Amino acid sequence: MSPSSTAVDPNLPPASLFIGGEWTEASGGATFSTENPATEETICEVASASADDVDRAVASANAALDGDWSKMSARERGLLMWRIADALEERIDEFAMVETLDNGKPIFESRYVDLPTAIEALRYFAGWSDKIHGDAFPVQGPFSMAYTRREPMGVVAAITPWNFPLIQAMWKIAAALACGNTVIHKPASYTALTALKFGELASAAGLPAGVLNVVPGGGSEVGGALVRHPGVAKVSFTGSTDVGKGIMREAAETVKRVTLELGGKSPNIVFADADLDQAVKGAYNGIFYGKGEVCAAGSRLFVERRVHDELLEKLVERTGRLQPGDPLHPKTRLGALVSKGQRESVLGYVGIGREEGAEVAHGGEPADVNGKGYFMQPTILTGVDNSMRVAQEEIFGPVLVTIPFDEADEAVEMANASIYGLAAGVWTRDIGKAHAVAAKVQAGTVWINQYNWYDSGASFGGYKQSGFGRELGRQALESYTETKTVFVGK
Ligand code: NAP
Ligand code: MG
């Protein structure tokens, strides 16, 4: 990529909602502004939906369930999703730039990870659309057999966070569409732009009106209205554990199906027999990729005591070469945190760590990039005990804590001493030990000698308070279909 890619026209969406296949004003014309966290400048105004607008979106998504969408064969649905993926790929530079402007993440990540991952999810689930089917089987009584049908649930509300805006959206939307549902997407307020652009793009590629509606707006107002709405069959939520708990409570009222992908405080465990240089790279990518605003970030680094200091020295040296910079520059690898509040919160945790007795081995301060933006230094805290707040609470920024251990069992015990259970890493050359630890660690994903790696075919989700239900892979399809059993009389 050349710096000239920064000259791509971002083609910003209008300050409108996308409902029923067209741009429409929010009731009362309400808007909010979205900011570029690297420059503190307003990018544009975004429409802010009300409960009335949510009603309109739900009506539109329900009507679409009975329209052209339901008449399309599953194979045609898959082909259409594939065409949408092609259309997104054609505009990959434009979407990548908007993701970077809105979120502050390096263009390198948006262009080479976020967009390709989102496109891949569309193609992966497009491939599933005509392969979702039930079974036929013998049953007792006056029946020749019974069979099952896998039917769409209906209207799916997708509520997504700001850290991987288009990826999180596509993991939900692509799976839901492959199963024949219709979708209302409520993107995070900090990063609504690519969601709106995608709604229009999918429509232009042939997605029937009302199959995908995009309604930005206040979390509790728009998200809450979707969760309570009797016309919504399922809520797929990715975000914080606290909001997830509230959604679970509210969804109970209408017994909505719910998938929750929540927070994490994931352990990355390095044994002394690991390839230490690889482990350093994995620890570094595990926490600094995506500014550490990553649900599965390897934010607790457990290191076997006899190599702890050596590994830390290498890690500090490598981290010293990571300079926050302009996210639009192709060489930048650490962007701006998503908002002023997020940086305050993350720096606040560095302060809490200091008060708890942790030492700052690297960073710990805001970073100055042209005097503007919510940048901070990549940070490593040592002298940490697993019971400290900085080892238990999700910081959601580029802050790593390191904790030494002596025995494998002790490492596993500390790894599991957390309310979360999203992901984990294990670094060792001993394959028996690697599999034993992978089996014992309470996490939805475990990487052996690797970290922060995803695949559309590999299901992803949490144990414990990191949520339930799985995205991606065959398992995701389960959570977007109802199973109907049909008994066939003799
Ligand atoms: P958040 O505050 O929970 O928000 C997530 C989404 O929910 C946003 O669209 C938000 O809208 C909306 N929302 C807020 N309050 C709501 C309510 N009462 N009812 C319904 N929807 C509501 O989380 P965030 O700060 O955006 O994201 C960071 C969190 O997400 C972290 O905890 C992280 O671990 C988690 N996360 C998890 C995964 C995973 O796969 N497990 C992936 C990424 C992130 P507004 O933006 O308008 O507030
Ligand atoms: Mg923004």
Side-chain angles (χ1 to χ4, degrees), residues 30 32 34-35 46-49 51 54 102-103 105 114 117 121 157-172 184-193 195 214-229 232 235-251 253 256 258-266 289-299 337-339 341-343 345-346 349 393-397 418-423 443-445 452 454 458-472 476:
F32 62 93
T34 192
E35 182 189 27
V46 176
S48 185
V54 169
D102 217 3
N103 168 284
K105 65 174 65 200
D114 290 63
T117 304
I159 305 178
T160 54
W162 43 259
N163 56 343
F164 292 95
L166 204 57
I167 293 179
Q168 301 290 356
M170 239 26 71
W171 286 6
K172 300 181 189 313
I184 301 170
H185 180 201
K186 152 54 186 125
S189 296
Y190 287 138
T191 55
L193 298 178
V214 189
V215 287
S220 52
E221 196 176 5
V222 178
L226 285 166
V227 173
R228 288 186 295 272
H229 207 295
V232 172
V235 175
S236 179
F237 171 79
T238 299
S240 60
T241 294
D242 277 352
V243 173
K245 288 177 184 175
I247 286 178
M248 204 170 155
R249 266 183 230 114
E250 288 202 308
E253 210 48 54
K256 255 182 204 58
V258 177
T259 299
L260 299 177
E261 302 286 355
L262 310 175
K265 190 74 185 179
S266 297
Y289 184 83
K291 309 168 260 166
E293 292 169 340
V294 178
C295 50
S299 49
L337 301 201
V338 76
S339 67
Q342 185 65 16
R343 183 173 69 171
S345 160
V346 174
Y349 270 108
E393 296 176 21
E394 183 177 48
I395 297 176
F396 222 57
S418 164
I419 61 166
Y420 297 112
L422 193 55
T445 295
N452 250 345
Y454 306 85
S459 67
F460 180 76
Y463 276 37
K464 302 193 277 186
Q465 293 190 32
S466 290
F468 57 86
R470 292 290 178 270
E471 299 205 280
L472 302 178

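Whatever order the structure lists them in is the order used to number ligands and atoms, beginning at 1. Keep in mind the model is a prediction, meaning the values are calculated, not measured.
Looking at heavy atoms from C-beta onward, Y454 lies out of side-chain contact with T117 at the 4.5 angstrom threshold. With contacts defined as side-chain heavy-atom distances shorter than 4.5 Å, the pair E471/Q168 qualifies.
Qualifying side-chain hydrogen bond (donor to acceptor under 3.5 Å, both in side chains) partners for T259, counting only residues two or more places apart in sequence or in other chains: K234. For the side-chain hydrogen bond (donor to acceptor under 3.5 Å, both in side chains) test, residues two or more places apart in sequence or in another chain that qualify with K291 are N103, E293.
In this structure, ligand 1 sits under 4.0 Å from heavy atoms belonging to I159, T160, P161, W162, N163, Q168, K186, P187, A188, S189, G217, G218, G219, S220, G223, G224, F237, T238, G239, S240, V243, I247, E261, L262, G263, C295, E394, F396, L422, F460.
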- Task: Could you give me the CA-CA distance, side-chain angles and deciding distance for E393 and Y349, then say whether side chain to side chain donor-acceptor pair (under 3.5 Å) is met?
- Result: CA-CA 9 Å; E393 296 176 21; Y349 270 108; 2.5 Å; yes
Run the side-chain donor-acceptor check on residues 459-466: report pairs under 3.5 Å with partners two or more places apart or on a different chain.
| from | atom 1 | to | atom 2 | distance (Å) |
| --- | --- | --- | --- | --- |
| S459 | OG | Q475 | OE1 | 2.8 |
| K464 | NZ | N416 | O | 2.9 |
| K464 | NZ | S418 | O | 2.9 |
| K464 | NZ | Q442 | OE1 | 2.8 |
| Q465 | OE1 | K245 | NZ | 3.0 |
| S466 | OG | G263 | O | 2.7 |
| S466 | OG | G421 | N | 2.9 |
| S466 | OG | L422 | N | 3.3 |

